[in-house]
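What's counted below: heavy atoms across the whole structure, side chains too, no hydrogens, waters or symmetry copies. Note that the structure is a prediction, hence the values are computed from the model and not measured.
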Amino acid sequence: MVFKRLLGAMGAGGPSVDTVLDGGAVAPGGILSGQVHLQGGSANVEIEHIGLELIARVEVEHEDGESEGAVVFERFTVGGGFRLAEQERHSVPFSVSLPWETPVSELYGQPLGIVLGVRTELAVAGARDKGDLDPLAVRPLPVQEAVLEALGQLGFGFKSADLEHGHIGGTGQQLPFYQEIELTPAPQYAHVVNEIELTFLATPAGMEIVLEADKRGGLFESGQDALTRFTVSHHDVGARDWNSEVDGWIRQLVEHRASYGSHATYGHADPYAAGSGYGHPSAHRSGHASGHGSGYGSGHGSGYGSGHEGHRSGPGLGTVVAAGAAGLAVGVVGGLVAAEVVDEVGDFFEGDDDEGGEED
């Protein structure tokens, strides 16, 4: 789906921009490519800068409750420094790396309710206009897919997914927000937890997996939250029994063996080495009442390499989503097409040109 928009800052008769992303979803850390097509207006102009912004719809908790806003979490410069003649057509190809912590927006082609977009900015004669806007589809990395599949096969169900503004303490989180995937408990855990919240924090080396359990209270005590984290390597995809591994994580979480409030710091010798799935219980979530921060800086690693195409795909959580996702809070049913999400991207971001995370 492509949006075309005349650049209002340049006035009537100014150039127009049409950004076309290459087809298919991209994985976190992967390469996003496409072309920016320019159409000259009624006069020659100097194109000073062509930029791309990655934008996400994020929930922010504050004293008065909860609100939503757009956060720019990456910026790229993909062109500029040339003259666009009257009515001239000019195309600028680009290839950029997504941040490793980019949220997953779809599973087996089914949208999860996460709204991401790519916005094109054109600077002409000192004026900047945020022109073209396209939806960004992000698929899971093999390790993420393996964990989600295992959860589905263990009996957990998909409830909803959103982006929360804030930082998870004790982790290596880089972006100003994190993704929460909410799961209904498997039957064997339904008597002890109301729901499980899952967060992936990817890096070039591997993945931090943060799990939080909303534990049920007893007759004379209220419920409480338990939080812990685990680390795995990208190369572990085909080397682990994920059902047993993930079930062990859940058992450790609900049995509350982890001292999850210890505020340990992230980073130690080879956290993604084999067997390092346990022993990292020091995560805690923190929200921020302030406005959205500025975009996360550039410098992310290259795309996720090949060689991981052999990961299994079974009737796990992905099948639950694809089959209709009965617990999906955003109303996406199996037969609906992604065009509705495309419309949502446009409707949501069109009014956010003056968002606090933007820079001139």
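Here the straight-line distance linking atom CZ of F73 with atom CZ of F177 works out to 5.0 Å at 0.5 Å rounding. A distance of 3.5 Å separates CD of E182 from OG of S160, quoted to the nearest 0.5 Å. Rounding to the nearest 0.5 Å places OG1 of T19 at 12.0 Å from CZ of R119. To the nearest 0.5 Å, atom CD of residue E245 and atom CD1 of residue I250 are 11.5 Å apart. Annotation: the span from E53 atom CD to F76 atom CZ amounts to 11.0 Å, rounded to 0.5 Å. In this structure, the separation between CD on Q179 and CD on E197 is 12.0 Å, given to the nearest 0.5 Å.
Using a cut-off of 4.0 Å between Lys/Arg side-chain N and Asp/Glu carboxylate O, E208 and R229 are scored as salt-bridged.
Between V36 and S91 there is no side-chain heavy-atom pair separated by less than 4.5 Å. Side-chain contact between L116 and V138: present, with at least one pair of heavy atoms (C-beta onward) separated by less than 4.5 Å. You'll find the side chain of H49 reaches within 4.5 Å of the side chain of E121, heavy atoms only. I31 places none of its side-chain heavy atoms less than 4.5 Å from the side chain of V26. Put simply, the side chain of L32 reaches to within 4.5 Å of the side chain of L54, judged on heavy atoms. Side-chain atoms of L38 and I50, non-hydrogen and from C-beta on, do get closer than 4.5 Å to each other. Between L52 and T120, some side-chain heavy-atom pair lies under the 4.5 Å cut-off. For the pair V246/L154, a side-chain contact is recorded, criterion being any heavy-atom separation below 4.5 Å from C-beta on.
The only member of I209, L151, I196 that meets side-chain contact (heavy atoms from CB on, under 4.5 Å) when paired with W249 is I209.
Looking only at distances, a side-chain donor or acceptor of Q173 sits under 3.5 Å from a matching main-chain atom of G166.
With 3.5 Å as the limit, one finds no donor-acceptor pair spanning the side chains of Y178 and D162. When only modelled atom types and interatomic distance are considered, Q153 and N243 share a side-chain donor-acceptor pair under 3.5 Å.
Residues forming a side chain to side chain donor-acceptor pair (under 3.5 Å) with S33 (at least two apart in sequence, or on another chain): D22. Checked against side-chain contact (heavy atoms from CB on, under 4.5 Å), D64 has the following partners two or more places apart in sequence or in another chain: H62. Under the ring-ring contact (aromatic ring centres under 6.0 Å, His included) criterion, H90 pairs with F82, sequence neighbours left out.
Pairing each heavy atom of W242 with each of A150, the nearest pair is O-CB, 3.6 Å. Taking all atoms of both residues into account, the shortest heavy-atom contact from G113 to R57 is O-NH2, 3.4 Å. Summarising the geometry of S42 relative to E86, their closest heavy-atom pair is O-CD, 3.5 Å, with the distance given to 0.1 Å.
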- Item | Derivation of the salt bridge (Lys or Arg N to Asp or Glu O under 4.0 Å) call for R83 and E46 | CA-CA 4 Å; R83 170 169 290 193; E46 295 293 331; 2.7 Å; yes

- Run the side chain to side chain contact (heavy atoms under 4.5 Å, CB included) check on V210 and T171 step by step: do they pass? CA-CA 9 Å; V210 181; T171 70; 4.2 Å; yes

